[in-house]
Asker: 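Dropping a structure here in structure tokens format, bear with me for questions.
Being a predicted model, the structure only gives us computed values, none of them experimental.
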Amino acid sequence: QVHLVESGGGSVQAGDSLRLSCAASGLIFSSYTMGWFRQAPGKEREFVAAINWSAISTYYADSVKGRFTISRDNAKNTVYLQMNSLKPEDTAVYYCAPSLRRGSTWYARDYWGQGTQVTVSS
């Protein structure tokens, strides 16, 4: 059974930084592209960033490019999201998931953790 545990969220001021972590179990972690998604109140869940199995390739939503950095440690079955220069519009629950891309759209495979709340105040 796949188990994903996100952590590292919190309440910060605009311009601050946070580092999210996602520990995965129940899957061959090093075989999967991993992604981060987020869902703001009243909005659909959206893609944030992804990293391929070897960490050679990374992908970002335009809204976070240049501010967020995704990384992974396959030895620890963990994926990270370093978030710098946070903005109020980054406020959301953040989730990690094994991911895949079809065309230009990123999808999460059907596994979700509980998410971690990020709140950015102006």
Side-chain angles (χ1 to χ4, degrees):
Q1 183 177 359
V2 176
H3 194 47
L4 302 162
V5 179
E6 300 93 344
S7 62
S11 295
V12 297
Q13 298 287 319
D16 285 350
S17 299
L18 281 173
R19 188 193 194 206
L20 306 184
S21 299
C22 171
S25 59
L27 75 168
I28 303 174
F29 181 79
S30 59
S31 298
Y32 286 91
T33 292
M34 294 296 296
W36 284 95
F37 297 77
R38 66 186 182 187
Q39 187 166 20
K43 295 187 177 181
E44 293 188 353
R45 201 170 306 195
E46 65 175 2
F47 168 76
V48 176
I51 185 167
N52 80 324
W53 68 273
S54 64
I56 289 177
S57 299
T58 57
Y59 312 86
Y60 297 95
D62 288 343
S63 58
V64 306
K65 205 171 291 184
R67 300 188 297 122
F68 290 11
T69 302
I70 189 171
S71 61
R72 68 189 295 160
D73 186 338
N74 287 343
K76 295 181 178 180
N77 284 9
T78 301
V79 60
Y80 305 96
L81 186 68
Q82 177 67 43
M83 306 187 296
N84 298 331
S85 302
L86 283 161
K87 303 176 180 179
E89 50 263 45
D90 295 319
T91 295
V93 179
Y94 284 71
Y95 303 88
C96 73
S99 305
L100 69 160
R101 182 174 61 176
R102 294 195 181 108
S104 61
T105 303
W106 282 93
Y107 298 91
R109 298 180 187 268
D110 199 18
Y111 306 113
W112 295 107
Q114 82 290 347
T116 186
Q117 175 72 47
V118 172
T119 303
V120 185
S121 56
S122 57

Asker: Where is the tightest heavy-atom contact between Thr33 and Ala50, given as atom of each residue plus distance?
Answerer: CG2-CB, 4.3 Å
Asker: Looking at Trp53, is its backbone amide N or carbonyl O close enough to the side chain of Asn74 to form a donor-acceptor pair, meaning the two atoms are under 3.5 Å apart?
Answerer: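 Yes; judged by distance alone, with no hydrogens or angles, the pair exists.
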Asker: Under 3.5 Å, is there a donor-acceptor pair linking the side chains of Ser17 and Asn84?
Answerer: yes
Asker: Could you tell me which non-hydrogen atom of Ser122 sits nearest to which non-hydrogen atom of Pro88, and how far apart they are?
Answerer: CB-CG, 3.9 Å
Asker: On the ring face of Phe29, is Arg72 found with NZ or CZ under 6.0 Å from the centre and within 45° of the axis?
Answerer: yes
Asker: Would Val64 end up clustered with Tyr94 when hydrophobic side chains under 4.5 Å apart are linked, directly or stepwise?
Answerer: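 Val64 clusters together with Tyr94.
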Asker: Any sub-3.5 Å donor-acceptor pair from Arg109's side-chain atoms to Pro98's backbone N or O?
Answerer: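 Absent.
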Asker: Determine, for Tyr95 and Arg45, whether the Lys NZ or Arg CZ falls below 6.0 Å from the six-membered ring centre while staying within 45 degrees of the axis.
Answerer: yes
Asker: State whether the side chain of Tyr60 and the backbone N or O of Ile70 hold a donor-acceptor pair below 3.5 Å, judged by distance alone.
Answerer: yes
Asker: Can you give me the closest heavy-atom contact between Arg38 and Asp90, atom names plus distance?
Answerer: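 Nearest pair, atom of Arg38 first, then Asp90: NH1-OD1, 3.0 Å.
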Asker: Tell me if the centroids of the rings in Trp106 and Phe37 come within less than 6.0 Å of each other.
Answerer: no
Asker: On a heavy-atom basis, which atom in Thr91 and which in Val120 lie closest, and how many Å separate them?
Answerer: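 Nearest heavy atoms, Thr91 then Val120: OG1-N, 2.9 Å.
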Asker: Where the side chain of Glu6 meets the backbone of Gln114, is there a donor-acceptor pair that is under 3.5 Å apart?
Answerer: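 Judged by distance alone, yes, a pair lies under 3.5 Å.
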Asker: Donor-acceptor pair, Thr78 side chain versus Ala23 backbone, under 3.5 Å?
Answerer: no
Asker: Show the nearest heavy-atom pair for residues Cys96 and Val79, with the distance to one decimal.
Answerer: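 Minimum heavy-atom contact is CB-CG1, 4.2 Å.
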